[in-house]
Amino acid sequence: MSVNVDGREPKCRGAAPARPETGAAREQRPGGRGSGENDDHFPPLRRHGVQRLAWEQWGAGRSIWWADIGERELIVDQVAVHQAPPPADVAAALGMEPAEPACVRSRRFVLDGKPVLLATSFLPADLVAGSAIAQEDTGPGGLYARLAELGRAPRQFREEIRSRMPSRDEANRLRLSAGTPVFLITRIAFMDGGRPVEVNEMILDAAAYVLEYAMEA
C-alpha cells in the first residue's frame, strides 16, 4: 500500500512486494560481504518516539507511523490475530491472571520494500471482544483510535528499550545481514486511572532506525 495519502494509514497485505536484487544487494544479504543492506541503499527511518504517540496523530484517524515516514511506502504484512494466554511478564504488566486470554495481534512492517519491524500487541480479550481490534485491519487511526471508541483511550505511554542480537527467525523475517543487532522496544499503554490496556513488544532492525526523543525542558 502506498502511504502518500492524507492519513498515511498502512493497510494489510499478504506479502511484501519483491524488489529487483542487484549484485551489491546479494553481497549484503545474510552471509554476504556487505555490512548491512541499509548502509548504502536504505535511508534510516527516524522514529519520533514522543510525537508519534500524540493523540493528535491517532485521534485524527492517522496512523502513528504518519509522524515518521513522510512519503515513503509502508506495507503491513504477516498479520495474525488470535486469542491466547500472554507470557507471564505481559500478563503481570496488564494485571491479568496467568491463564486469562489476551487478544494477540502480530504483524510485520515493510518500508520501501525492506522489513524494518516486527510487532506483537497483547490486550485483555474481554476488553476488545467484538471490536475491530480483533480483526486484521483495525481501520483509520489504528488500535488506539479503536480503544478510544471503546472508552479506553490511552492517556499515557511508557517505553523500554534494549538491544541484542536477533534470533534466526527474527533475522529471516527482517532480512538482516549477518552481525546486525535489533532494538527491543516494549510499550505499555495506560488509560485514565493508570490501568494498562496494551503491551506492544517490538523488534526493530537497528541498522534501519534512528530513535529520536524530543522533549521540552
Rounded distance (nearest 0.5 Å) linking atom CD of Gln135 with atom SG of Cys103: 9.0 Å
Between CZ on residue Arg152 and OG on residue Ser131, distance to nearest 0.5 Å: 11.5 Å
Worked verdict on Arg162 versus Ile185 for side-chain contact (heavy atoms from CB on, under 4.5 Å): CA-CA 7 Å; Arg162 293 175 291 151; Ile185 300 181; over 6 Å; no
Sole candidate of Leu117, Ile69, Ile75 that passes side-chain contact (heavy atoms from CB on, under 4.5 Å) when paired with Leu111: Ile69
Leu174 CG to Thr180 OG1 distance, which is reported to the nearest 0.5 Å: 10.0 Å
Separation between CD1 of Ile203 and OG1 of Thr120, rounded to the nearest 0.5 Å: 7.0 Å
Residue pair Pro181 / Pro166: nearest heavy atoms and the distance that separates them: CA-CD, 4.2 Å
Arg47/Tyr213 under side-chain contact (heavy atoms from CB on, under 4.5 Å): CA gap, chis, key distance, verdict: CA-CA 8 Å; Arg47 182 182 187 271; Tyr213 294 86; 3.5 Å; yes
Whether Arg108 side chain and Arg173 backbone form a donor-acceptor pair below 3.5 Å: yes
Salt bridge present between Lys114 and Asp205 (N-O < 4.0 angstrom): yes
Single-linkage hydrophobic cluster, 4.5 Å side-chain cutoff, Val79 and Met202 together: yes
Donor-acceptor contact below 3.5 Å, side chain Glu100 vs main chain Glu97: yes
Side chain to side chain, Glu201 and Pro86, heavy atoms closer than 4.5 Å: no
Spacing of Leu94 atom CG and Phe122 atom CZ [to the nearest 0.5 Å]: 9.0 Å
Considering all heavy atoms, the nearest Arg146-Pro140 contact: NH1-O, 2.7 Å
Side-chain heavy-atom pair Leu123, Val197 within 4.5 angstrom cut-off: no
Shortest non-hydrogen contact between Thr138 and Ala132, atoms and distance: CG2-O, 3.7 Å
Heavy-atom pair with the smallest gap, counting every atom of Gly151 and Met191: O-CE, 4.3 Å
Within one Ile-Leu-Val-Met-Phe-Trp-Tyr cluster: Phe157 and Leu143, side-chain cutoff 4.5 Å: yes
N-O pairing of Glu198 and Arg105 below 4.0 Å: no
Val116 and Leu204: CA distance, side-chain angles, deciding distance, side-chain contact (heavy atoms from CB on, under 4.5 Å) verdict: CA-CA 6 Å; Val116 295; Leu204 293 68; over 6 Å; no
Any Ile161 side-chain heavy atom under 4.5 Å of Leu211 side chain: yes
Heavy-atom pair with the smallest gap, counting every atom of Arg175 and Gly113: NH1-O, 3.2 Å
Non-hydrogen side-chain atoms of Phe190 and Arg158 separated by less than 4.5 Å: yes
Hydrophobic cluster membership, Val199 vs Leu184, 4.5 Å side-chain cutoff: no
Check: Asn200 main-chain N/O paired with Ser121 side-chain donor or acceptor under 3.5 Å: no
Glu170 bridged to Arg164 by N-O distance under 4.0 Å: yes
Side-chain H-bond candidate by donor/acceptor type, Arg107 with Gln78, under 3.5 Å: no
Cation-pi, Phe42 ring and Arg72 (6.0 angstrom, 45 degrees): yes
For Ala93 against Ile188, the heavy-atom pair lying closest together: CB-CD1, 4.1 Å
Cluster overlap Tyr144 with Leu127, hydrophobic side-chain contacts below 4.5 Å: yes
Note, Ile133 side chain near Leu150 side chain (heavy atom, < 4.5 Å): yes
Interatomic distance, Glu160 atom CD to Arg187 atom CZ [nearest 0.5 angstrom]: 13.5 Å
Verdict with supporting geometry, Val128 and Leu147, side-chain contact (heavy atoms from CB on, under 4.5 Å): CA-CA 8 Å; Val128 301; Leu147 282 173; 4.2 Å; yes
